[in-house]
Amino acid sequence: EPGEAVEIVGLVAAMKAKPVMGRRIGVYSATGGGAGLLADLCERDGLGLPEFQPETRATLDAVLPSYGTSSNPVDTTATGIHALGYAELTMTLAADPGIDAVIVAASGRSATSIGKDARALKELAQTCDKPVVFWSYTTPIEAFGDIMDEAGIPYCGSPGVVTKALAGLARLTELAA
C-alpha cells in the first residue's frame, strides 16, 4: 500500500544510524496479544525471535509476575513496565548477545508511563548500539510522539511497518556483506 511504503521509508530513515546486523529480534509488550502479533509479523517478514540468554531471562523473571513470560516475545504485563520502565526493559533485551534489534509494543494513548522514562529513553538512544523501535498499539497522542522524538527513538502506529522496515534493513546489511 502507498501509505505503508511511506511509513516504511520514514522508519528506515529514522533507524539508519544503527544498522540492523542480523534478523534476531527481541520483542516485548505489556500485552500478550501485542507480543503474539509481533511474533507472527516477524515470522512473516523473515525475522527470528531467538531464546534469550539465561542471564536475560533471570533479570526479567525477577520483576515479572507469574502470569507474564520472559521468553521471546516477552509479555511483561503492566507490572513489568511499571517495575523496570521502558528504557531498562529495552536495554535488558538489547544487552543480550543473541539479539540484533528490539521492538517495543507500547501504548501511546497516555504519556504518563513513557514520560516517567523520558530521560532514560534519551540515554538509551544515545548508548544502545542496536536498533530500537517502538510500535504504539493505540493511536499515539502528541505528547507521546514528542517524548519519543526528543529521545531520538523511532516509533510507528503499524506493527507490520515496523517488522518490514527491520527486515529491509537486515537485508541491506546482508547485501553489503
Side-chain angles (χ1 to χ4, degrees), residues 11 15 18 20-45 47-118 120-125 127-138 140 144 147-148 151 153-167 170:
L11 206 53
M15 292 188 292
K18 296 180 183 177
V20 179
M21 300 311 294
R23 295 178 173 271
R24 303 170 304 169
I25 310 298
V27 170
Y28 77 88
S29 174
T31 68
L37 175 60
L38 284 167
D40 290 346
L41 292 170
C42 282
E43 182 178 343
R44 176 198 73 185
D45 293 327
L47 301 170
L49 276 73
E51 284 296 316
F52 296 121
Q53 298 293 314
E55 299 81 17
T56 304
R57 296 226 24 211
T59 299
L60 295 169
D61 285 334
V63 297
L64 296 180
S66 61
Y67 50 90
T69 179
S70 63
S71 62
N72 197 9
V74 180
D75 177 1
T76 64
T77 76
T79 301
I81 299 293
H82 294 295
L84 287 180
Y86 286 104
E88 191 169 341
L89 280 165
T90 303
M91 278 308 297
T92 299
L93 270 59
D96 190 296
I99 298 300
D100 299 312
V102 178
I103 302 173
V104 181
S107 173
R109 190 172 67 172
S110 167
T112 304
S113 292
I114 210 89
K116 291 178 187 175
D117 234 9
L121 287 167
K122 190 171 187 175
E123 184 177 322
L124 165 76
T127 60
C128 183
D129 63 347
K130 296 176 183 176
V132 172
V133 62
F134 274 61
W135 159 51
S136 178
Y137 54 82
T138 59
F144 175 86
I147 291 165
M148 299 308 286
I153 296 177
Y155 65 96
C156 180
S158 169
V161 167
V162 170
T163 57
K164 286 178 183 176
L166 285 171

Heavy-atom closest contact (Ala125 atom, Ala151 atom, distance): CB-O, 3.0 Å
Close side-chain approach of Ile99 and Pro50, heavy atoms under 4.5 Å: yes
Check: Trp135 and Val104 side chains under 4.5 Å, non-hydrogen atoms: no
Side chain to side chain donor-acceptor pair (under 3.5 Å) involving Asp40 - partner list, sequence neighbours excluded: none
Nearest heavy-atom neighbours spanning Ile25 and Leu166: CD1-CD1, 4.3 Å
Distance (rounded to the nearest 0.5 Å) between Glu123 CD and Asp117 CG: 10.5 Å
Distance-minimising heavy-atom pair for Gly160 and Leu41: N-CD1, 3.6 Å
For Thr69, all residues meeting side chain to side chain donor-acceptor pair (under 3.5 Å), sequence neighbours excluded: Ser71
Residues forming a side chain to side chain donor-acceptor pair (under 3.5 Å) with Ser107, sequence neighbours excluded: Thr138
Test item: Tyr155 and Val133 side chains (from C-beta on) under 4.5 Å apart, heavy atoms: no
Between CG on residue Leu124 and NZ on residue Lys130, distance to nearest 0.5 Å: 12.0 Å
Step-by-step side-chain contact (heavy atoms from CB on, under 4.5 Å) determination, Thr59 to Phe52: CA-CA 11 Å; Thr59 299; Phe52 296 121; over 6 Å; no
Those residues that, when tested against Ala167, pass side-chain contact (heavy atoms from CB on, under 4.5 Å) (two or more places apart): Arg23, Asp45, Leu47
Which residues share a side-chain contact (heavy atoms from CB on, under 4.5 Å) with Ala39, sequence neighbours left out: Leu49, Pro73
Where Thr77 and Pro65 come nearest, the two heavy atoms and their spacing: OG1-CG, 3.3 Å
Any donor-acceptor pair under 3.5 Å from Asn72 side chain to Glu51 backbone: no
Atom CZ of Arg109 with >12 non-hydrogen neighbours under 6.0 angstrom: no
Residue pair Ile147 / Gly115: nearest heavy atoms and the distance that separates them: CD1-CA, 3.6 Å
Verdict with reasoning, Val161 to Lys164, per side-chain contact (heavy atoms from CB on, under 4.5 Å): CA-CA 5 Å; Val161 167; Lys164 286 178 183 176; 5.8 Å; no
Spatial distance of atom OH (Tyr137) from atom OG (Ser29) [nearest 0.5 Å]: 5.5 Å
Min side-chain heavy-atom separation Ile103-Cys42 under 4.5 Å: yes
Side-chain heavy atoms of Asp75 within contact of Thr31, under 4.5 Å: no
Side-chain heavy atoms of Leu60 within contact of Val74, under 4.5 Å: yes
Check: Leu64 and Thr76 side chains under 4.5 Å, non-hydrogen atoms: yes
Please tabulate, for the side chains in residues 80-98, all donor-acceptor contacts under 3.5 angstrom to protein atoms that are two or more places apart in sequence or on a different chain.
unit_1: Thr90; atom_1: OG1; unit_2: Tyr28; atom_2: OH; d: 2.8
unit_1: Thr90; atom_1: OG1; unit_2: Tyr86; atom_2: O; d: 2.7
unit_1: Thr92; atom_1: OG1; unit_2: Glu88; atom_2: O; d: 2.8
unit_1: Asp96; atom_1: OD1; unit_2: Gly98; atom_2: N; d: 2.8
unit_1: Asp96; atom_1: OD2; unit_2: Gln53; atom_2: N; d: 2.7
unit_1: Asp96; atom_1: OD2; unit_2: Thr56; atom_2: OG1; d: 2.7

